[in-house]
J.: 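Once you've had a glance at the structure underneath, I'll fire off some questions.
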Amino acid sequence: MRGSSGQATGASAWALGLLVLLPIPFLGPLAAGGGMIAAYGSLSRQGPLAKQNAALARSWGRVFLLVSTALLLLQVALGLVRLTQPSAPASGFLPQGIPLLLYVIVCVVHLVVVLFALRRARRSDVVRVPFVRSV
C-alpha cells in the first residue's frame with residue numbers, strides 16, 4: 001500500500017494479519033502469522049518505511065504464530081491425556097480448557113494490534129509494538 005506521499009508504507013504486511021478472521025477454525029491464525037512473515041520478502045525492496053513496517057509485522061507474526069500454535073498443541077496434548085484416563089471424573093471446561101481460552105485471548109489481542117498497526121502504517125507512520133522488536 002502507498003501512503004499519501006506516494007511511498008510504500010508496508011501496511012499490506014499488517015493487513016495480512018486480518019486473515020485471523022477466516023471462518024475456518026484454527027486455520028485463520030496460522031494463515032495470518034504465516035502471511036505476515038512471508039510479506040517481508042517483497043516489501044523489504046519497496047523503500048525504508050515499507051521495510052521497517054514489514055520487519056515489525058514479521059516479528060509480530062512470528063510471535064503470534066509461535067504462541068497460538070503452542071497453545072493449540074498444548075490443548076491437543078491435554079485432550080489426549082484426558083482421553084487415556086477415563087477413570088478421572090469430568091470436572092468441566094476450565095481446568096482442561098485453559099489453553100483454548102488463552103488461545104482465544106491471544107487471537108483477540110492479535111486482532112487489536114493488527115488493526116492499530118494497520119491504521120498507523122496507512123498514515124505513513126512507523127508502527128511501534130512495545131513488546132516486540134524488529135530483528
J.: Could you tell me whether the side chain of H110 reaches within less than 4.5 Å of the side chain of W60, counting heavy atoms only?
T.: yes

J.: Can you tell if the side chain of L118 reaches within under 4.5 Å of the side chain of L18, non-hydrogen atoms only?
T.: yes

J.: Side chains of V114 and F64: does their closest heavy-atom pair fall under 4.5 Å?
T.: no

J.: Which distance, rounded to the nearest 0.5 Å, do you find between the OG1 of T69 and the CZ of F26?
T.: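 One gets 11.5 Å once the value is rounded to the nearest 0.5 Å.
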
J.: Show the nearest heavy-atom pair for residues G34 and L65, with the distance to one decimal.
T.: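 Closest approach of G34 to L65, heavy atoms only: N-CD2, 4.4 Å.
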
J.: Just how far is it from atom CG of D125 to atom CD of Q52, taken to the nearest 0.5 Å?
T.: 11.0 Å

J.: Treating Ile, Leu, Val, Met, Phe, Trp and Tyr as nodes and any side-chain heavy-atom pair under 4.5 angstrom as an edge, say whether V109 and V106 lie in one connected cluster.
T.: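 Yes; tracing contacts between hydrophobic side chains, which count when under 4.5 Å, links both residues.
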
J.: Report the distance from atom CZ of R58 to atom OG of S44, rounding to the nearest 0.5 Å.
T.: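 Reported to 0.5 Å precision, the distance equals 8.5 Å.
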
J.: Could you report the tightest heavy-atom contact between A39 and L16, atom names first, then the distance?
T.: CB-CD1, 3.7 Å

J.: Applying a strict under-4.5 Å side-chain criterion to I, L, V, M, F, W and Y, I'd like to know whether V63 and W14 cluster together.
T.: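 Cluster IDs for V63 and W14 match.
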
J.: If you link I, L, V, M, F, W and Y whenever their side-chain heavy atoms are under 4.5 Å apart, who else ends up in the same group as L66?
T.: none

J.: Going by heavy atoms in the side chains, are L71 and L100 under 4.5 Å from each other?
T.: no

J.: Among L49, V127, V126, L43, which residue satisfies the side-chain contact (heavy atoms from CB on, under 4.5 Å) criterion with T9?
T.: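 When L49, V127, V126, L43 are each tested with T9, the side-chain contact (heavy atoms from CB on, under 4.5 Å) holds only for L49.
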
J.: If you look at every heavy atom in A54 and A13, which pair is closest and at what distance?
T.: CA-CB, 4.1 Å

J.: Between atom CG of L102 and atom OG of S68, what is the distance when rounded to the nearest 0.5 Å?
T.: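 So the CG of L102 and the OG of S68 are separated by 12.0 Å.
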
J.: Give the cluster check for I37 versus Y40: same hydrophobic cluster or not, with ILVMFWY residues linked at side-chain heavy-atom distances below 4.5 Å.
T.: no

J.: For a 4.5 angstrom cut-off between non-hydrogen side-chain atoms, does L30 reach L19?
T.: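 Of all side-chain heavy-atom pairs linking L19 with L30, none is under 4.5 Å.
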
J.: So does F116 get a backbone contact from the side chain of R120, meaning a donor-acceptor N/O pair under 3.5 Å?
T.: no

J.: Looking only at heavy atoms, which two atoms of R122 and A11 are closest? And how far apart?
T.: CG-CB, 3.8 Å

J.: What about L21 and Y103, same hydrophobic cluster or not, with Ile/Leu/Val/Met/Phe/Trp/Tyr joined at side-chain heavy-atom distances under 4.5 Å?
T.: yes

J.: Would you kindly confirm whether I98 and L72 end up in one hydrophobic cluster when ILVMFWY residues are joined by side chain heavy atoms under 4.5 Å apart?
T.: yes

